[in-house]
Trainee: 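Here you go, one structure.
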Amino acid sequence: EDKEISLDKLTSETIEENLKIKEHLLMTFDLKNNRKHEIYLGKKDAYDCRFFDSNLHGGESIKPCEKLIPEVIDLI
């Protein structure tokens with residue numbers, strides 16, 4: 001199920017709420033020149049989350065969700 005959330009309303013709390021409903025989130029953002037960019041954020045287990053962005057060096061990060069989610073918000 002697709003869900004649209006504007007960037008100005010995307011918060012750590014919003015992501016946490018969505019991860020309770022779905023354990024895997026694929027987020028798509030509009031860029032300039034009609035291009036799009038996708039990132040992945042999902043639950044690895046009860047405590048850790050996994051983040052993937054092909055534009056970042058190394059691409060992947062696995063950390064406790066409480067630490068990783070605010071980092072993702074800062075990146076986007």
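Any value given below was found using the heavy atoms of this structure, including those in side chains, with hydrogens, waters and symmetry copies removed.
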Trainee: Rounded to the nearest 0.5 Å, what separation is found between the OG1 atom of Thr28 and the CD atom of Glu4?
Mentor: 10.0 Å
Trainee: In Å, rounded to the nearest 0.5 Å, how long is the span from CG of Asp45 to CD of Glu23?
Mentor: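 With rounding to 0.5 Å, CG (Asp45) is 10.0 Å from CD (Glu23).
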Trainee: Identify the heavy atoms of Leu10 and Ile15 that sit nearest to each other, and give their distance.
Mentor: CD1-CG1, 4.0 Å
Trainee: Take a 6.0 Å sphere around CG of Asp8 and say whether it holds more than 12 heavy atoms from other residues, nucleotides or ligands.
Mentor: yes
Trainee: Does Ile39 belong to the same Ile/Leu/Val/Met/Phe/Trp/Tyr cluster as Leu56, with side-chain heavy atoms less than 4.5 Å apart forming each link?
Mentor: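 Both belong to a single hydrophobic cluster.
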Trainee: Quick check: is Phe51 connected to Tyr47 through a chain of hydrophobic side chains (ILVMFWY, heavy atoms under 4.5 Å apart)?
Mentor: no
Trainee: Do you know which two heavy atoms are closest between Ile62 and Glu60, and how far apart they sit?
Mentor: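 Smallest heavy-atom distance, with atoms named: CD1-OE2, 4.0 Å.
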Trainee: Could you list the residues that satisfy salt bridge (Lys or Arg N to Asp or Glu O under 4.0 Å) with Lys36, not counting sequence neighbours?
Mentor: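 Salt bridge (Lys or Arg N to Asp or Glu O under 4.0 Å) list for Lys36, sorted by chain: Asp30.
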Trainee: To the closest 0.5 Å, what do you measure between CD (Glu17) and OG1 (Thr11)?
Mentor: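 Reported value, rounded in 0.5 Å steps: 7.0 Å.
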Trainee: Should we count NZ of Lys44 as having more than 12 external heavy atoms under 6.0 Å?
Mentor: no
Trainee: Side-chain donor-acceptor contacts of residues 64-76 below 3.5 Å, not counting sequence neighbours, with atom names and distances?
Mentor:
residue: Glu71; atom: OE1; partner: Lys63; partner atom: NZ; Å: 2.8
residue: Glu71; atom: OE2; partner: Lys63; partner atom: NZ; Å: 2.9

Trainee: Would Leu19 end up clustered with Leu26 when hydrophobic side chains under 4.5 Å apart are linked, directly or stepwise?
Mentor: no
Trainee: Side-chain heavy atoms nearer than 4.5 Å, only ILVMFWY residues, links allowed to pass through others: does that put Phe29 and Phe52 together?
Mentor: no
Trainee: Between NE2 of His24 and CZ of Arg50, what distance do you get to the nearest 0.5 Å?
Mentor: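 Rounded to the nearest 0.5 Å, the NE2-CZ separation comes out at 9.5 Å.
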Trainee: Are Tyr40 and Ile21 co-members of a hydrophobic cluster defined by side-chain heavy atoms under 4.5 Å apart?
Mentor: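 No; tracing contacts between hydrophobic side chains, which count when under 4.5 Å, never links both residues.
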Trainee: Distance from Leu25 atom CG to Glu38 atom CD, nearest 0.5 Å?
Mentor: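 Rounded to the nearest 0.5 Å, the CG-CD separation comes out at 12.5 Å.
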Trainee: Got His37 and Asp53 here, is their nearest side-chain heavy-atom distance under 4.5 Å?
Mentor: yes
Trainee: With the side chain counted from C-beta on, respond yes when Thr14 and Lys9 share a heavy-atom pair under 4.5 Å apart, and no when they do not.
Mentor: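 Heavy-atom side-chain distance check fails, nothing below 4.5 Å.
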